[in-house]
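Comments concern the structure below.
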Amino acid sequence: MRIALFATCIVDAMYPETAKSTVKILERLGHEVIFPKAQACCGQMHMNSGYMPEALPVVENHVRAFDTDEYDVAVAPSGSCVASVKHQHPYLAQRLGKPELKDRAKAVGARTYELSQLLVDVLGITNAAAQLGSYFPETITYHPSCHGMRSLGLGDRQLDLLKTVGGITVNELPEADQCCGFGGTFSIKNADVSSAMLDDKVKNICSTGASACSGGDASCLMHIGGGLSRTGAKPKTLHLADILASTMEETVTL
Amino acid sequence: MPAGGQGNLFETEPFPKAAHRELGNTQMRKNLRHATHTIRDKRLKVVGELPDWEALRDAGSTIKNNSMATLEERLLEFEKNFTARGGVVHWARDADEANKIVTELVKATGSQEVVKVKSMATQEIGLNEHLEAEGIDAFETDLAELIVQLGHDKPSHILVPAIHKNRTEVRDIFLSQMPVVDPNLTDEPAKLAEAARAHLRKKFLAAKVAISGANFALADTGTLGVVESEGNGRMCLTLPETLITVMGIEKVLPHWEDVEVFMQLLPRSSTGERMNPYTSLWTGVTEDDGPQNVHIVLLDNGRTRALADRFGRSALNCIRCSACMNVCPVYERTGGHAYGSTYPGPIGAILSPLLTGIEVEENGSLPYASSLCGACYEACPVKINIPEILVHLRGDDVDAKREKHKLPTQMDLLMKGGSWALGKGKNIGLLEKALPLGRLAAGKDKKIKKLPGIAAGWTQSRDIPAPPNKSFRDWWSDEKESM
């Protein structure tokens with residue numbers, strides 16, 4: 001299959017390893033990965049901050065970049081950005097009175113998948129060690145990010161994949177389904193409330209005794225990682241894609 | 001656009017400021033966490049018992065949407081049927097009109113006291129304060145509402161108005177505020193309830209007038225309904241001679257049969273019970289039984305304004321169950337008072353600005369009082385897409401402020417810059433060439449610990465990792481395209 005990678009702006013600029021991991025996993029399965037270079041961002045930051053006219057060029061750019069026949073499905077290592085592409089792009093087009101953009105955005109959204117969704121639902125991966133050669137000899141815990149969990153309905157896809165990685169121990173995170181408090185510009189506009197939410201997340205992660213907290217969204221992980229780092233806590237954060245890409249021969253280090 | 005709502009619907013200071021203050025109240029946070037988690041768990045358990053919960057939510061949502069789409073017709077049908085059964089219908093455009101109508105009705109009875117069943121609509125219009133100014137005493141009979149009233153406090157939750165208080169605080173209020181109370185009163189729930197019972201019984205037996213809200217009105221039969229836990233509502237609805245109900249116009253349902261759906265959705269979502277202990281339904285006047293003067297005040301107060309918003313109107317589907325509050329991480333930490341309005345939590349963050357207009361007082365800050373985690377949407381029994389409406393209202397807020405600001409704010413500039421940078425692959429690629437500069441900004445430990453301007457909020461409690469040397473985009477060009 002030809003798979004278009006939507007790297008997302010934060011992974012592209014801050015966590016390139018996670019995008020490389022995504023490519024590795026898909027290539028290991030024999031698929032061809034392309035990277036449409038016109039892509040930039042889903043525009044969620046603009047929309048969630050209320051800047052709708054400013055979001056328009058960003059959304060139009062995304063739709064233009066991915067509205068092609070060059071690939072079969074698109075994938076992003078981020079539930080949040082995929083949810084934005086699927087739900088927010090059509091909303092914005094409707095709000096700003098652009099019916100043609102709305103139709104095209106819907107079509108792009110329909111063939112865009114979050115990584116675990118693609119792996120499980122489309123590519124039939126149920127055992128990461130056996131089918132992807134994933135190996136990661138650490139104790140981890142897992143935070144299911146809100147948009148993946150609720151807007152995309154990912155269920156346990158991410159967690160199930162992590163549990164089947166070779167050598168791994170997965171400890172359950174108390175109150176896992178509670179938001180970490182990131183929320184994009186919420187963390188800036190309501191910094192106090194966001195910090196109070198983060199505090200609880202950090203405490204819960206530390207209570208598991210894990211050396212890393214994994215998840216499917218680089219932005220939430222940056223937020224959680226930033227809190228862990230500030231409090232001097234031991235656990236690190238590591239994206240699901242990086243753990244799945246890790247192998248016996250090339251084991252990712254924390 | 002129809003007129004906006006008035007009364008207790010306003011945030012008088014920006015939410016972040018109010019939240020900052022409330023976050024400092026550690027006792028309140030402990031009380032809230034305990035209470036919301038208890039109700040949350042109970043709700044999940046009883047919802048899990050129903051195999052058709054999702055279908056019920058769809059039914060609730062559909063009935064409400066249809067009802068809103070034919071609101072005028074439904075209300076007129078209700079008026080006809082309620083009147084035919086001996087009730088009197090009054091129409092109130094806003095809080096002011098509603099308060100005047102109720103006051104005149106009470107004055108006409110010659111009574112200077114009324115008992116009240118807990119009602120969000122009368123909280124919204126500030127009826128108690130208005131009656132007090134007119135020399136009429138209004139006694140709240142719902143236990144939690146009584147605690148709030150005696151404590152000269154404000155409700156902080158739709159269902160549990162005194163959720164921010166614990167037992168010891170309640171005992172202290174009773175000891176200092178009830179005219180006759182056992183001085184050795186303990187903080188045992190049964191003893192507290194007994195004290196309230198003794199206090200209220202006298203009020204019930206003496207009252208000539210009662211004021212209530214309503215959970216729903218049924219158009220095809222002209223019936224009103226109140227759903228409650230304590231039976232105090234039933235006392236108010238049956239003992240006095242005159243009964244005045246104040247109800248928002250959005251509460252009308254088309255058919256008697258619709259009760260079936262909402263009686264499954266409401267108790268489970270609000271108190272985590274399969275069925276609430278008391279449900280009262282009344283249709284006009286019954287000779288020699290119950291109140292003989294029965295009135296309803298149908299309240300708009302911004303509802304037709306909200307109805308005119310094609311993205312926001314589904315907020316009017318709200319059945320006031322409070323499930324969204326009990327699962328909201330923001331509400332759990334700030335409590336209800338931070339939202340200013342009678343309607344706190346996620347539903348309040350959309351409903352208040354929809355009723356008043358986003359530009360009124362500080363209500364424009366309410367739609368940002370959410371991390372958009374979606375727990376509220378998942379819990380809502382009538383599937384109100386609260387996160388989507390929050391984002392929509394943020395758009396309205398920014399658009400409204402655009403005209404007001406002479407100079408662009410930091411956020412305006414950031415978003416304008418971001419629009420350019422993220423509007424083309426070429427542009428973000430250009431900026432990413434500067435990533436090594438970010439590495440310079442990080443210390444030896446490869447962490448950025450302080451950011452300037454509005455971004456300072458981030459580094460208040462979070463570090464940022466040093467950026468990589470090279471973006472993925474550049475890596476791809478170098479490694480993949482050169483092959």
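Protein chains get the first letters and strands the later ones, always in sequence-line order, with residue 1 at the start of each.
Residue A/Asp177: no heavy atom, backbone or side chain, is found under 4.5 Å from chain B. Interface remark: B/Leu422 contributes backbone and side-chain atoms alike to the contact with chain A (heavy atom separation under 4.5 Å). Proximity to chain B involves both the backbone and the side chain of A/Gln94, based on heavy atoms less than 4.5 angstrom apart. Only the backbone of A/Ile34 comes within contact range of chain B, with at least one heavy atom under 4.5 Å from a heavy atom of that chain. Of the atoms belonging to B/Asn427, not a single heavy atom falls under 4.5 Å from chain A. With a 4.5 angstrom heavy-atom cutoff, B/Ala375 touches chain A via backbone and side-chain atoms both. Interface remark: B/Leu23 contributes side-chain atoms only to the contact with chain A (heavy atom separation under 4.5 Å). With a threshold of 4.5 angstrom between heavy atoms, A/Met149 does not approach chain B through any atom at all. For B/Glu432, the part sitting under 4.5 Å from any heavy atom of chain A is the side chain, from C-beta outward, and nothing else. Heavy-atom distances place no part of A/His62 under 4.5 Å from chain B, backbone and side chain included. For B/Asp412, the parts lying near chain A are the backbone and the side chain together; criterion is any non-hydrogen pair under 4.5 Å. B/Phe311 touches chain A through its side chain: at least one heavy atom from C-beta onward sits under 4.5 Å away, while N, CA, C and O do not. Interface remark: B/Glu332 contributes side-chain atoms only to the contact with chain A (heavy atom separation under 4.5 Å). With a 4.5 angstrom heavy-atom cutoff, A/Ala38 touches chain B only via backbone atoms. Proximity to chain A is limited to the backbone of B/Ser370, based on heavy atoms less than 4.5 angstrom apart.
For the residue pair A/Met14 and B/Pro467, the shortest heavy atom distance occurs at SD-CB, 3.8 Å. Scanning all heavy atoms of the two residues, the minimum distance from A/Gly50 to B/Val398 falls at O-CB, 3.3 Å. Annotation for A/Ala13 and B/Leu435: closest pair O-CD1, 3.4 Å, computed over non-hydrogen atoms. Residues A/Ile188 and B/Ile454 share a closest heavy-atom pair of CG2-O, 2.9 Å. The shortest non-hydrogen separation linking B/Ala19 to A/Val193 is CB-CG2, 3.8 Å. Here the closest heavy-atom approach between residue A/Ala196 and residue B/Arg29 is recorded as CB-NH2, 3.8 Å.
At distances below 3.5 Å, not a single donor-acceptor pair connects side-chain atoms of B/His20 with backbone N or O atoms of A/Asp192. Listed for the B/Arg473 side chain is no donor-acceptor partner under 3.5 Å among the backbone atoms of A/Asp12. No donor-acceptor pair closer than 3.5 Å links the side chain of B/Arg462 to the backbone N or O of A/Ile224. A distance-only check finds a donor-acceptor pair linking the side chain of B/Ser419 to the backbone of A/Glu54 [under 3.5 Å]. Although no hydrogens or angles enter the test, the distance criterion places a donor-acceptor pair under 3.5 Å between the side chain of B/Arg394 and the main chain of A/Asn48.
The shortest side-chain heavy-atom distance between B/Leu372 and A/Cys146 does not fall under the 4.5 Å cut-off. Between B/Phe15 and A/Lys189 there is no side-chain heavy-atom pair separated by less than 4.5 Å. At a threshold of 4.5 Å between non-hydrogen side-chain atoms, the residues A/His87 and B/Asn385 do not count as touching. With a 4.5 Å cut-off on side-chain heavy atoms, B/Lys426 and A/Lys37 do not count as touching. Counting heavy atoms from C-beta on, the side chains of B/Ser471 and A/Pro16 never come closer than 4.5 Å. Looking only at side-chain heavy atoms (C-beta outward), A/Pro53 and B/Arg402 come within less than 4.5 Å of each other.
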request  = Step by step, work out the side-chain contact (heavy atoms from CB on, under 4.5 Å) result for B/Asp399 and A/Met52.
outcome  = CA-CA 9 Å; B/Asp399 287 346; A/Met52 303 302 175; 5.6 Å; no
task = In sequence, state the C-alpha distance, the side-chain angles, and the governing distance for A/Glu175 and B/Arg33, and then conclude on salt bridge (charged side-chain N to carboxylate O under 4.0 Å, His left out).
result = CA-CA 13 Å; A/Glu175 302 184 344; B/Arg33 187 183 158 83; 2.5 Å; yes
request  = Could you walk me through whether A/Lys20 and B/Glu479 pass the side-chain contact (heavy atoms from CB on, under 4.5 Å) test, one step at a time?
outcome  = CA-CA 11 Å; A/Lys20 290 181 214 170; B/Glu479 302 292 323; over 6 Å; no
message = Please evaluate residues B/Arg333 and A/Asp199 with respect to the criterion salt bridge (charged side-chain N to carboxylate O under 4.0 Å, His left out), reporting the C-alpha separation (whole Å), side-chain torsions for both, the decisive distance (0.1 Å), and the verdict.
response = CA-CA 12 Å; B/Arg333 286 163 180 90; A/Asp199 272 357; over 6 Å; no
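Ring centroid separation for the pair A/Tyr15 and B/Phe472 does not come in under the 6.0 Å cut-off.
Interatomic distance, CE of A/Met197 versus SG of B/Cys373, reported as 6.0 Å (0.5 Å rounding). Here the CE atom belonging to A/Met47 is positioned 11.5 Å from the CD atom belonging to B/Glu388, to the nearest 0.5 angstrom. Taken from CH2 in B/Trp458 to OG in A/Ser194, the straight-line distance is 7.5 Å, to the nearest 0.5 Å.
Heavy atoms from other residues, nucleotides or ligands lying under 6.0 Å from NE2 of B/His34 number 12 at most. Other residues, nucleotides and ligands place more than 12 heavy atoms under 6.0 Å from the NZ atom of B/Lys383.
Among the candidates B/Gly395, B/Gly457, B/Ala338, the residue making the largest number of heavy-atom pairs closer than 4.5 Å to chain A is B/Gly395. Between chain A and the residues B/Asp397, B/Ile464, B/Asp396, the largest count of heavy-atom pairs under 4.5 Å involves B/Asp396. Taking chain A as the reference chain and counting heavy-atom pairs below 4.5 Å, the highest number among B/Ser461, B/Gly418, B/Pro16, B/Ala455 is found for B/Ser461. Interface check for chain A: of the options B/Glu378, B/Lys424, B/His392, the most heavy-atom pairs under 4.5 Å are formed by B/His392. For the set B/Pro468, B/Pro329, B/Pro387, the count of heavy-atom pairs under 4.5 angstrom toward chain A peaks at B/Pro468. Most heavy-atom pairs under 4.5 Å with chain B, from the set A/Gly226, A/Gly183, A/Gly227, A/Ala40: that is A/Gly226. When A/Val23, A/Thr18, A/Val202, A/Leu92 are compared by the number of non-hydrogen pairs under 4.5 Å with chain B, A/Val23 comes out ahead. Between chain A and the options B/Lys470, B/Met411, B/Glu22, the largest number of non-hydrogen pairs under 4.5 Å is found for B/Met411.
Partner A/Ser229 forms a side chain to side chain donor-acceptor pair (under 3.5 Å) with one of B/Lys446, B/Lys449, B/Lys447 and no other, that one being B/Lys447.
Classification of the A/Phe35-B/Trp476 ring pair by plane angle, with boundaries at 30° and 60°, yields tilted.
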